[in-house]
Amino acid sequence: MYALIDVNSFYTSCETIWRPDLLNKPVVVLSNNDGCIISRSAQAKRLGVKMGAPYFQQKALLEREGVVVFSSNYALYGDMSQRVMTTLEAMCPRVDVYSIDEAFADLSGIGDLETFGRAIRDTVYQHTRLTVGVGIAPTKTLAKLANHAAKTWTKTGGVVDLSSPLRQRKLMALLPVSEVWGVGRRLSARLNAMGIENALQLAQSDIGFIRKNFSVVLERTVRELRGESCLAFEETPATKQEIISSRSFGKKVSDYKEVREGICTWAARAAEKLRAERQYCRYVSAFVKTSPHDAHAPYYSNRAGITLSTPTHDTRDILAAAVRCLEAIWREGLHYQKAGVMLGDFFSQGVAQLNLFDPYAPKANSEALMTVMDKLNQQGKNRLWFAGQGITQAWGMKREYLSPAWTTRLSDVPVCR
DNA sequence: TCTGGGGTCCTAGGACCC
DNA sequence: TCTGGGGTCCTAGGACCC
């Protein structure tokens, strides 16, 4: 059984903890550049303030209703998130941190689930003054649904135990498909057109039909709704596969130098993140966009990427590559709204640097790897750093090329992240 | 005038090789 | 030069999440 624990109105709650005078007042938090509303207190929601809406569109409403507005403070939210997760980790045997304000917990071996859910709620509140909702169910997708119910219906006291299939069906019949985790706007529209309107109908639809008309992703969702666990519990965070650093300019920019400056700043930031991950990258790309909202000018969005011959984490290399990309996509006379840098194709430093064989040969065979492993074991060097997709990618190899024999062998080696 | 900043996964289609 | 199928690899784009 899983629990999904998530903090109510996380960003606004973080702000109001330090401002008791704002308790029970309408409060919102804005995105970078004060562009959009990304968090609302319960009172702000009640006033009809929309999630994700541009600030300038809601400004009149906010002023009229006396809503208190904060710019975002990610350092604070990160810190508060840490405290919540630490509390959860102390209470639950295994915790899968899903985002800054939510985590799945494995509840196997716990007797009274609902009582335990309340204990989580109370303890997190004592430690952080933040209120969480707890949804309990046999799969992640159902736990999400239970959590939604816990938040929507106050009489639940913020905890919903959905272990019984009967209760699962009852709840699903009440919820529109759009509330299901993994079903967004587009999918909802398509499902509705086929007569699938609530979560229960989705759960009872034919797997083959879903697979044929949609994708394996939605198939997994359907199975999860039926109580078949398809999404793995991930205690250790997966290594990143790409790093993005980007920002809106907050105004229209047409000067090449100004855009280039932005690209350089973000390239440097991306390189920092890369080093913090102890990774090296081979792929560097830059992108620019004009405003998609401007009705008078045509929309332009482009990106270009370069694959370097050697993986690097050096700011200068990454910056130079990003500027070369920018030169390829730059168009004179446009008003740019946003630009950024993306890094990918990660490698890790480690065995590859022993030069026992060409680390980037695409089809290096598993025999060679076995030799490397043996040598490492002999030398007592059993600490490796793996890349994005584990060691397969560190060597520029595909998983298919690996024999099961040495995959097993690998599991004996401690992995450092 | 002002419209976030990250991420993930999957699929289709083109290039290329045999 | 024509024809064609099968396979791999890569990229772009779509959809979703918070």
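Chain naming here is simple, since letters A, B, ... match the order of the sequence lines and numbering starts at 1 in each. Note: hydrogens, waters and symmetry copies are ignored here, and every other heavy atom, side chains too, is used. Quantities reported herein were computed from a predicted structural model and do not represent experimental measurements.
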Chemist: Of all heavy-atom pairs between A:I5 and A:A105, which one has the smallest distance, and what is that distance?
Modeler: CD1-CB, 3.9 Å
Chemist: In whole angstrom, give the distance that lies between atom CD1 of A:I243 and atom P of B:dG5.
Modeler: 17 Å
Chemist: Give the residues of residues 97-106 of chain A touching DNA chain C, defined as any heavy atom closer than 4.0 Å, sorted by residue number.
Modeler: A:Y98, A:S99, A:D101, A:E102
Chemist: Below 30° counts as parallel, above 60° as perpendicular, anything between as tilted: where do the rings of A:Y11 and A:Y77 land?
Modeler: parallel
Chemist: B:dC18 pairs with which nucleotide, Watson-Crick or G-U wobble, both distances below 3.5 Å?
Modeler: C:dG5
Chemist: Looking only at heavy atoms, which two atoms of A:S163 and A:M1 are closest? And how far apart?
Modeler: CB-CE, 3.4 Å
Chemist: Which nucleotide wins on minimum distance to the side chain of A:K144, given the candidates B:dC9, C:dC17, B:dG7?
Modeler: C:dC17
Chemist: Tell me what A:V180 touches on the nucleic acid: a base, only sugar-phosphate, or nothing, going by heavy atoms under 4.0 Å.
Modeler: sugar-phosphate
Chemist: Over how many whole Å does the gap from A:H293 atom NE2 to B:dT3 atom C1' extend?
Modeler: 4 Å
Chemist: Is A:K240 close enough to B:dT8 that one of its side-chain N or O atoms is under 4.0 Å from OP1 or OP2 there?
Modeler: no
Chemist: Please check: side-chain N/O of A:R40 versus main-chain N/O of A:V28, any donor-acceptor pairing under 3.5 Å?
Modeler: no
Chemist: Hey, is the main chain of A:S248 close enough, under 3.5 Å, to the side chain of A:Q337 for a donor-acceptor pair?
Modeler: no
Chemist: Would A:S13 and A:R129 satisfy side chain to side chain donor-acceptor pair (under 3.5 Å), going step by step from the backbone distance to the final call?
Modeler: CA-CA 9 Å; A:S13 304; A:R129 299 288 146 191; over 6 Å; no
Chemist: Pairs under 3.5 angstrom only: tabulate donor-acceptor contacts from the side chains of residues 59-69 of chain A to other protein residues two or more places apart or in another chain.
Modeler:
none

Chemist: Rounded off to whole Å, could you give me the CG-to-C1' distance for the A:L274 and B:dG7 pair?
Modeler: 16 Å
Chemist: Mapping A:S291 and A:V216 to their closest nucleotides on DNA chain B, which lands nearer the 5' end?
Modeler: A:S291
Chemist: Could you tell me how far apart A:L231 (CG) and C:dC17 (C1') are, to the nearest whole angstrom?
Modeler: 12 Å
Chemist: Give the residues of residues 33-49 of chain A touching DNA chain C, defined as any heavy atom closer than 4.0 Å, sorted by residue number.
Modeler: none
Chemist: Determine whether the side chains of A:T315 and A:R275 contain a donor N or O and an acceptor N or O closer than 3.5 Å.
Modeler: yes
Chemist: Could you state the CZ-C1' distance from A:R211 to B:dC10, rounded to the nearest angstrom?
Modeler: 10 Å
Chemist: Expressed in whole Å, how much space separates the C1' atoms belonging to C:dG4 and B:dC16?
Modeler: 15 Å
Chemist: Using a strict threshold of under 4.0 Å (side-chain N to carboxylate O), is an ion pair present between A:E277 and A:K273?
Modeler: no
Chemist: Near DNA chain C, counting only heavy atoms under 4.0 Å, which residues of residues 55-84 of chain A show up?
Modeler: none
Chemist: List, with names and distances, any nitrogen or oxygen atoms from the protein found under 3.5 Å away from nitrogen or oxygen atoms belonging to nucleotides 11-15 of chain C.
Modeler:
unit_1, atom_1, unit_2, atom_2, d
C:dA15, OP2, A:R186, NH1, 3.2

Chemist: One pair to check against side chain to side chain donor-acceptor pair (under 3.5 Å): A:T290 and A:H335. What are the steps and the verdict?
Modeler: CA-CA 6 Å; A:T290 63; A:H335 302 291; over 6 Å; no
Chemist: Report the C-alpha distance between A:E114 and A:R118 in whole Å, list the side-chain angles of each, state the deciding distance to 0.1 Å, and finish with yes or no for salt bridge (charged side-chain N to carboxylate O under 4.0 Å, His left out).
Modeler: CA-CA 6 Å; A:E114 202 166 324; A:R118 300 204 185 283; 2.9 Å; yes
Chemist: With a 4.0 Å cut-off on N to O distance, would you call A:K257 and A:D255 a salt bridge?
Modeler: no
Chemist: Identify all side-chain donor-acceptor contacts of residues 173-188 of chain A below 3.5 Å with residues at least two apart in sequence or on another chain.
Modeler:
unit_1, atom_1, unit_2, atom_2, d
A:S188, OG, A:G184, O, 2.7

Chemist: Starting at the 5' end of DNA chain B, which residue's closest nucleotide do you reach first, A:G52 or A:V217?
Modeler: A:G52
Chemist: Write down the atom of A:R226, the atom of A:A203, and the distance for their closest heavy-atom approach.
Modeler: NE-O, 2.7 Å
Chemist: What is the separation between atom CG on A:L218 and atom P on B:dC9, rounded to the nearest whole Å?
Modeler: 17 Å
Chemist: Rounding to a whole Å, what distance do you find between A:K140:NZ and C:dC17:C1'?
Modeler: 13 Å
Chemist: Look at all strands and tell whether A:K50 reaches a base, only sugar-phosphate, or nothing, counting heavy atoms closer than 4.0 Å.
Modeler: nothing
Chemist: Please tell me if A:K338 has a side-chain N or O lying less than 4.0 Å from either OP1 or OP2 of B:dG5.
Modeler: yes
Chemist: Checking side-chain polar atoms at under 3.5 Å, does A:D101 have a donor or acceptor matched by the opposite partner on A:S99?
Modeler: yes
Chemist: Measuring to OP1 and OP2 of B:dG4, would you say a side-chain N or O of A:S248 lies under 4.0 angstrom away?
Modeler: yes
Chemist: If I take atom CH2 in residue A:W266 and atom C1' in nucleotide B:dG4, what distance separates them, rounded to the nearest angstrom?
Modeler: 13 Å
Chemist: Do the side-chain N or O atoms of A:Q241 get closer than 4.0 angstrom to the phosphate oxygens (OP1, OP2) of B:dC9?
Modeler: yes
